[in-house]
Amino acid sequence: MTEIERYNPQSIEPKWQARWEQDQLYRAQPACDKPKYYVLDFYPYPSGEGMSVGHARNYVPTDLLARYYRMRGYNVLHPIGFDAFGLPTENAAIKLKVDPHELNERYSANYVRQYKLMGLSYDWSRLINSAHAEYYHWTQWIFIQLFNAWYDPRKDKACPIAELEAELAERGSHAIFDYIDDHPEHVGVVDKGTPPITAEQWRAMSRREQNDYLNHFRLAFQAESTVNWDPVDKVVVADEEVENGRAWRSGALVIKRTLKQWFFRITAYAERLINDLDTVDWPEAIITMQRNWIGKSEGAEVRFPVDGHDAEIPVFTTRPDTLWGATFMVLSPEHPLTLAITAPDQRQAVEQYVAFAKGETEEQRTAADKEKTGVFTGAYAINPVNGARIPIWVADYVLMSYGTGAIMAVPAHDQRDFEFARKFNLPIKVVVQPPDRTLDPTTMERAYEDKNGVMVDSGPLTGMSTGEDGCACIRAAIAYCQQRGIGKRRVNYKIRPWLISRQRYWGTPIPIVHTPDGPVALREDELPLLLPKVKEYEPGPNGESPLESIPEFVNAPNGRRETDTMATWACSSWYYIRFADPHNDKAIGDPKEIDYWLPVDVYVGGAEHAVLHLLYSRMWTKVLYDLGVVKFFEPFRVLRNQGLILSPQKKVDEHGREYYEKMSKSKGNVITPDEVIAEHGADALRGYELFISDFEKTVPWNTQGVPGVRRWLDRVWRIVLYPDVDKGAPTQMTARELRRIAHQTIQRYERDLEAFSFNTVVSAMMEFTNALYKARDAGLHHTPEWDEAIDILLRLLAPIAPHIAEELWCRLGKPYSITQQAWPKVDPEAVKAESITIVVQVNGKVRDRLTVPADADEAYILEQALASPAVRKFLNGGAPKQVHYVAGKLLSLVV
RNA sequence: GCCGAAGUGGCGGAACUGGCAGACGCGCGCGACUCAAAAUCGCGUUCCUCUCGGAGGAAUGUGGGUUCGAUUCCCACCUUCGGCACCA
């Protein structure tokens, strides 16, 4: 027996990692004629805790793809960088009393160390970091482009704000507003409630007033906004950081404060953000979530005059067909007309109610199954379609932020209105009778919301029934309103402007100076606006940004510098472009490189960013497309989400149900790649990350899984280097069969990898390895087919387990590096089988299996089947009534 | 409540276009090697029944349907996970 050297990843992995790094094997070439492949991971935030094996679920599959496409001859861009700005680092800096710049370097370096430990093939020459001025210079540059642009609805794209100024000076803004009226999908290009003006009015304005007006159109703009304020921590907190009205960190009751905030006008892109979803290959769930988030709904805006006042209240409705069934109207407590129209004897009650609603948290106000509340204003509106005088109420179930902040209430056909009407004894009027029964307002138990039915008591619509698409009555109602001049077709979107400013230190400074004439952007040659070093990172007593206390920063020659910084969503909205040319100090990137590399071919990350990052990035891409900076309008061609990895420990909840926890430091159940690699090596970790489950599924980590994969790699090691040792029982296999298995494995590998079915890629490789043991036991190992099979095995292994593949490749005396070898070609001749197995069924049950030559025809197979004793047993001596033959697979006999 | 995804052995999962359900791995059991253990190798491992070295039956969340044939297609329901949640 030969003395064998055991597979020892601890000695071979660091050796090859050092060699690869020295040789810079994974550098992408600049733009050239080669086909490109851009595979990208979601931009990671480098946390102080480092990575867990859950993070590797993202990085290993993309590395497999990168290595695979390199071997297939593509110029592969596989970069990484750090989304380094943001609150977690800032909070850590405050707590540890360490400069966040320093923490960033420390944490990023730890991530890089872990990436290298896993043998990931990133192009390290393209490493980027959002918190480096070299990077945020261009985040600021894009901010300026947005600030200096508006969305021209007629051109359906972003245009320089100077064009808007020229138009205002020449013709005013009426043409723009008229166009939006006729094309309601453009409602989001301008702030709600902005008045149209004439050229004379524009020219009469001061520069400050003009800037205020332009602000309603700019793609980056400042506006008043209500935010959650934590009086103990003295910070603004996000909605997500508020639980039951209390700040998550301090436990203090949050109060609402109105602050001036910076926004991006994502609403202008609502329609394109929906429509362009048809052009990407993304998980259906994410596409649906984005659609819902944008929340397009079509209907009509109808104006209701207020009885006895010189005022009209517009309402938005998706069911204009039910206009005749409106029996009351409801205003949001924040509606500007609420107090103005309130009758004197109701004033006290309404004021009280408005104050009560204002004091409610978002949580209380939108709680499920909340009892309806509201107060009568004492005023009446006139229903413009039938002159009916209907009471106007104020109630918190109507939100100021959606539609017009006022609704017409149709209790017979809207469940919310129904509940309100029942509670306050308001009349209910049925205007749509369902086809199968007759609704009686006095006995109805819930609203009939279906569109299907016949119109009753509805003026000109009476007797109409729902058309083919269910919207005939709606269209007729809109046409009627338009003709009478009381309403018009309208589109509403739920999506709101994207809040970008944070009164915090650790973020990209906003390149704006507030002058007596209003906000002015820095010139491009004044960038980057550096984040100054400070001693204290805590926000001021009233939530002022720490930047406010630095006179050298705040005081600009022409005014006061903006002290808000950008939320990290800005940094991550364009980083995928930067990788094309990451160190360019003249532009966000050389257009030649950007045009070559983008869009991203495959983008992989967790589903938690379904809406936020993926929506923001799409908007920025479209702005840059409109402005001619890039030539693509969707950044990520293919998107896939990896599933979560949970802790292996089974827990039982209070109902006795079993579940697995997420890995987290606070629960003390984190498994790190470091510990797994120390014990079993990076290749075994990589293999198990791929093998653990279906890529998109959430699954608990199994501590036995890595040793299982390690055993497979051990077997690979032994069969490649020591095929003569430890023979098993003799088996039957021909050289041709071995060759067929090798080439079929290439096919399965390619097919499964391209379908993101990485677990079956690994299992195909395990089967191939098992087949080699069998072939060895059949005495095949000194044949040319054996050498070819081993060669294929190692090439296919290289993307999964690069270290062991390189080591074995080297020991067989083949040329360095295996990662630079060509991908093996499938030989179609080798794949063909000479004999095939045909399953014989009788009445749908398998009764026998026949081995026949691959070219056997149906007649021959039928003859063989009828001769089989196992089959005859179930034929009861008769002939089959029906015969179904599936070529090469199955013969089904029916008796 | 609404929208989306998914339910297959003890566990993770596989099954290409309607055609052998349970590949591959984990775990478990038995055996070989060993003084012993580890490692390794071999065999077995969905459930039930029987006249058990064989044969038959049932089974892919539940109940129906289409089909010679359904994990796959259709209908209804149940459960789990994710998202949204008074959006007019």
Side-chain angles (χ1 to χ4, degrees), chain A residues 4 6 283-289 291-293 295-297 299 315-319 322 330 365-370 372 395-399 401-410 413-417 419-420 492-494 607-608 610-611 641 643-644 650 657 659 687-688 691-694 696-709 711-712 714-715 718 725-729 747-748 751-752 755 757 759-760 762-767 769-770 773 837-846 848-849 873 880-886 888-895:
Chain A
I4 71 165
R6 307 260 324 259
E284 207 45 54
I286 301 242
I287 290 186
T288 307
M289 277 192 235
R291 284 223 167 85
N292 292 343
W293 185 265
K296 180 181 183 177
S297 53
V315 302
F316 174 71
T317 174
T318 55
R319 293 294 303 276
T322 62
V330 187
R365 185 159 168 178
T366 59
D369 304 327
K370 191 192 168 203
K372 292 276 181 295
D396 64 359
Y397 82 93
V398 175
L399 309 173
S401 54
Y402 186 79
T404 62
I407 61 156
M408 64 167 200
V410 185
H413 304 293
D414 183 286
Q415 185 59 24
R416 297 155 300 184
D417 299 345
E419 285 162 17
F420 195 80
N492 234 291
Y493 300 91
K494 270 200 304 195
E608 67 275 13
V611 171
N641 299 124
L644 230 52
K650 204 179 261 182
R657 275 194 303 231
Y659 70 101
Y688 185 59
F691 188 62
I692 184 166
S693 174
D694 184 89
E696 302 199 341
K697 267 199 193 153
T698 292
V699 67
W701 185 257
N702 177 357
T703 49
Q704 301 294 330
V706 178
V709 173
R711 258 195 293 278
W712 163 55
D714 265 316
R715 281 164 63 75
R718 289 198 310 271
V725 178
D726 271 345
K727 273 199 200 308
Q747 277 187 324
R748 290 172 65 185
R751 187 194 68 200
D752 290 352
S757 178
N759 52 341
T760 55
V762 175
S763 67
M765 290 294 286
M766 288 171 167
E767 286 181 61
T769 309
N770 294 345
Y773 273 80
T837 302
I838 300 287
V839 171
V840 184
Q841 293 183 346
V842 179
N843 287 345
K845 286 194 162 62
V846 178
D848 201 5
R849 295 180 174 83
K873 195 167 142 196
K881 268 190 279 190
Q882 286 182 52
V883 176
H884 298 266
Y885 176 62
V886 182
K889 277 187 181 159
L890 171 140
L891 184 75
S892 181
L893 306 176
V894 186
V895 187

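Order of the sequence lines fixes the chain letters, A, B, ..., with proteins taken first and strands second; residue numbering starts at 1 for each chain. Fair warning: this is a prediction, and the values are worked out from it, not measured in the lab.
Between A:Ser757 and A:Asn770, the one whose closest nucleotide on RNA chain B sits nearer the 5' end is A:Ser757. Heavy-atom distances to RNA chain B give each of A:Ser763 and A:Asn843 a nearest nucleotide, and the one nearer the 5′ end belongs to A:Ser763.
Side-chain N/O atoms of A:Gln704 include one lying less than 4.0 angstrom from OP1 or OP2 on B:rG27. Here A:Asn641 does not reach the OP1 or OP2 of B:rA5: none of its side-chain N or O atoms lies under 4.0 Å away. At B:rG13, one or more side-chain N or O atoms of A:Ser693 fall inside 4.0 Å of OP1 or OP2 (strictly under the cut-off). Look at A:Asn759 and you'll find a side-chain N or O under 4.0 angstrom from OP1 or OP2 of B:rA14. Look at A:Arg715 and you'll find a side-chain N or O under 4.0 angstrom from OP1 or OP2 of B:rC41.
In B:rG9 the O4'-C1'-N dihedral to the base is within 90° of 0, which defines a syn nucleotide.
Relative to the side chain of A:Asp694, the nucleotides B:rA14, B:rG19, B:rC24 differ in distance, and B:rA14 lies closest. Here the side chain of A:Leu890 is nearest to one of B:rG83, B:rG25, B:rG19, namely B:rG19. Out of B:rC86, B:rA88, B:rG4, the shortest distance to the side chain of A:Asp396 is found at B:rC86. Nearest to the side chain of A:Lys372, among B:rC86, B:rC20, B:rA39, sits B:rC86. Nearest nucleotide to the side chain of A:Asn292, out of B:rC20, B:rA88, B:rC3: B:rC3. Nearest nucleotide to the side chain of A:Val846, out of B:rA88, B:rC24, B:rA21: B:rA21. Comparing B:rG19, B:rA88, B:rC24 against the side chain of A:Met766 picks out B:rC24 as the nearest. Distances were taken from every side-chain heavy atom of A:Lys845 (C-beta onward) to each of B:rA58, B:rA23, B:rA88; the shortest belongs to B:rA58. Checking B:rG12, B:rA88, B:rA39 against every side-chain atom of A:Ile692, the shortest atom distance belongs to B:rG12.
Separation of the P atoms belonging to B:rU46 and B:rG25 is 15 Å when rounded to the nearest angstrom. B:rA15 and B:rC20: their C1' atoms are spaced 10 Å apart (whole Å). Comparing the same atom, C1', in B:rG69 and in B:rC77 gives a spacing of 26 Å after rounding to whole Å. Distance noted for atom P between B:rC52 and B:rC43: 26 Å (whole Å). B:rC84 and B:rC26: their C1' atoms are spaced 38 Å apart (whole Å). Straight-line distance between the P atoms of B:rG63 and B:rU79: roughly 16 Å, to the nearest whole Å. Taking atom P on both nucleotides, B:rU67 is separated from B:rG29 by 49 Å, rounded to a whole Å. One C1' atom belongs to B:rC74, the other to B:rG83, and the distance between them is 28 Å to the nearest Å.
Between the CE atom of A:Met289 and the C1' atom of B:rC81 there is a distance of 11 Å, given to the nearest Å. Atom CG in A:Asp414 sits about 18 Å away from atom P in B:rG1, given to the nearest Å. Per the geometry, CH2 belonging to A:Trp293 stands 12 Å off P belonging to B:rG83, to the nearest Å.
Residue A:Gly708 is in sugar-phosphate contact alone, with no base atom involved, counting any heavy-atom pair closer than 4.0 Å across all strands shown. A:Thr760 comes within contact range of the sugar-phosphate backbone alone, with a heavy-atom separation under 4.0 Å but no base atom that close. Using a 4.0 Å heavy-atom distance criterion, A:Lys494 is classed as a base contact. A:Asn492 comes within contact range of no nucleotide atom at all, as no heavy-atom separation falls under 4.0 Å. If you check every strand for non-hydrogen atoms under 4.0 Å, A:Ser401 touches nothing. Within 4.0 Å (heavy atoms only), A:Val839 reaches at least one base atom of the nucleic acid. Using a 4.0 Å heavy-atom criterion, one finds that A:Arg711 contacts the sugar-phosphate atoms exclusively. In this structure, A:Val886 reaches the bases: a heavy-atom distance under 4.0 Å links it to at least one base atom across the strands shown. As judged by a 4.0 angstrom heavy-atom cut-off over every strand, A:Lys697 is placed among residues touching the sugar-phosphate backbone only.
Counting only heavy atoms from C-beta outward, the side chains of A:Gln841 and A:Leu890 approach each other to under 4.5 Å. Put simply, the side chain of A:Ile407 does not reach to within 4.5 Å of the side chain of A:Asp414, judged on heavy atoms. Between A:Trp712 and A:Val709 there is a side-chain heavy-atom pair separated by less than 4.5 Å. Looking only at side-chain heavy atoms (C-beta outward), A:Ile692 and A:Asn702 stay at 4.5 Å or farther from each other. In this structure, the side chains of A:Met408 and A:Thr317 come closer than 4.5 Å at one or more pairs of heavy atoms.
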### Query
So what is the 5' to 3' dot-bracket string for RNA chain B, if pairs are Watson-Crick or G-U wobble with both distances under 3.5 Å, crossing pairs use [ ] and | means the partner sits on another strand?
(((((((..(((......[....)))((((((.......))))))(((((...)))))..(((((..]....))))))))))))....
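In this structure, CG in A:Leu891 is found 11.0 Å from CG in A:Asp848, a value given to the nearest 0.5 Å.
Using a distance-only test at 3.5 Å, with no hydrogens or angles considered, no donor-acceptor pair links the side chain of A:Tyr397 to the main chain of A:Val330. In terms of modelled atom types and a separation under 3.5 Å, the side chain of A:Asn492 and the main chain of A:Ser297 share no donor-acceptor contact.
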